[in-house]
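Lettering of chains follows the sequences in order, A, B, ..., and the numbering in each one begins at 1.
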2 protein chains.
Amino acid sequence: MSANIIATLSALAEPKRLQIIELLREGPLTVGEVAERLGLLQPQTSKHLRVLHKAGLVEVHAMANRRIYKLCQLPFRELDEWLGSFQQVWEERFDRLDEFLLEMQGKDGYQT
Amino acid sequence: MSANIIATLSALAEPKRLQIIELLREGPLTVGEVAERLGLLQPQTSKHLRVLHKAGLVEVHAMANRRIYKLCQLPFRELDEWLGSFQQVWEERFDRLDEFLLEMQGKDGYQT
DNA sequence: TTTTAATATTCATTGACAGGAATATTCGTT
DNA sequence: AACGAATATTCCTGTCAATGAATATTAAAA
């Protein structure tokens with residue numbers, strides 16, 4: 001369940017990779033195009049794309065010499081769902097600490 | 001802008017820290033309680049909580065001896081907004097590769 | 001078939017970070 | 001003031017991952 005979330009997060013938690021992802025929002029791109037648009041060396045670009053691919057964030061399509069990388073939807077949907085599990089929390093009364101402090105106070109004999 | 005996103009992602013991209021975050025969904029907790037509920041040692045728990053705090057994911061409230069850690073909303077909202085910038089993309093025609101391949105084909109003289 | 005473009009991979013180096021053990025700090029209690 | 005509970009910090013060590021340089025692979029073009 002949240003194992004995939006970790007994979008997604010780790011893959012995204014790297015500046016250049018995040019840039020790549022944001023770039024790919026505009027549409028599928030070739031390795032060379034990604035490298036050029038972001039000012040990266042080709043080998044590093046390939047390596048980052050491989051990490052993103054392993055994490056299931058992008059898919060590849062071979063076309064002659066070139067490899068076209070394209071965003072996948074699933075991991076982003078999963079991440080979005082996971083974030084959704086928090087939105088319920090905000091609506092609850094957990095955003096006020098006051099009553100929790102009171103509850104805390106009773107737990108054992110601490111004088112404030 | 002996306003600098004904060006990176007901080008958020010890096011902080012979350014660690015199994016134990018993600019567990020802590022998910023635990024704190026249920027409400028604010030003491031360091032000791034977090035450690036106990038997740039079977040972690042106290043020092044590691046403190047260290048993870050410090051990272052989460054530096055990233056702005058949790059806030060602390062000192063109460064006598066204890067420190068109560070509580071989730072922050074902002075970073076999660078930001079992450080959610082960032083994810084939102086993708087949802088537009090899915091609706092576009094980028095999910096079909098076909099026409100992109102055609103467009104690609106014209107770029108320079110490659111025979112398929 | 002030799003060359004050239006596009007991409008992937010390997011290797012070595014380096015820096016960041018998590019884990020464990022030990023210790024320091026803070027504060028309430030007696 | 002001394003003790004004990006709760007938490008933070010330091011030090012050390014091992015591991016993983018990003019980087020750069022060089023090289024290998026694949027396919028197209030001449």
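Separating the CZ atom in R17(B) from the CG atom in L9(A) is a distance of 11.0 Å, to the nearest 0.5 Å.
In this structure, a donor-acceptor pair under 3.5 Å is present between the side chains of R25(B) and S85(A).
Counting atom types as modelled, E14(A) pairs no side-chain N or O with a base atom of dA18(D) as donor and acceptor under 3.5 Å. Between the side chain of K47(A) and the base of dT10(C), at least one donor-acceptor pair of N or O atoms lies under 3.5 Å. With hydrogens and angles left out, the side chain of Q44(A) and the base of dA18(D) share no donor-acceptor pair within 3.5 Å. Judged by atom type and distance alone, N65(A) does not reach the base of dA28(D) through any side-chain donor-acceptor pair under 3.5 Å.
The distance from atom CD of E36(B) to atom C1' of dT7(D) is 16 Å, rounded to the nearest whole Å. Across the protein-nucleic acid pair, R66(A) atom CZ and dA5(C) atom C1' stand 8 Å apart, rounded to whole Å. Atom CE of M63(A) is separated from atom C1' of dT7(C) by 15 Å (rounded to the nearest Å). Rounded to an integer number of Å, the gap from CG of L18(A) to P of dA18(D) is 13 Å. Spacing between atom CZ of R50(B) and atom P of dG19(C) amounts to 14 Å, rounded to whole angstrom units. The NZ-C1' distance, from K54(A) to dA8(C), rounds to 13 Å in whole Å. Counting to the nearest Å, the P atom of dA5(D) and the CZ atom of R67(B) are 19 Å from each other. Summarising the geometry, the separation between CZ on R17(A) and C1' on dA17(D) is reported as 8 Å, rounded to the nearest angstrom.
Of the candidate nucleotides dT7(D), dA21(C), dG28(C), dA21(C) has the atom lying nearest to any side-chain atom of P43(B). Of the candidate nucleotides dT7(C), dT7(D), dG20(D), dG20(D) has the atom lying nearest to any side-chain atom of L41(A).
A donor-acceptor pair under 3.5 Å is absent between the side-chain atoms of R66(B) and the main chain of M63(B), judged by distance alone.
A salt bridge is defined here as a Lys NZ or Arg NE, NH1 or NH2 lying under 4.0 Å from an Asp or Glu carboxylate O, and E26(B) with R37(B) meets this definition.
Remark: H48(B) is not in phosphate contact with dC17(C), judged by side-chain N or O atoms under 4.0 Å from OP1 or OP2. Phosphate proximity of dA6(C) to Y69(A): absent, as no side-chain N or O sits under 4.0 Å from OP1 or OP2.
Mapping Q42(A) and S10(A) onto DNA chain D via the closest heavy atom, the residue that lands nearer the 5' end is S10(A).
In this pair, F76(A) and F86(B) present their aromatic rings parallel. The plane angle is below 30°, not in the 30 to 60° band.
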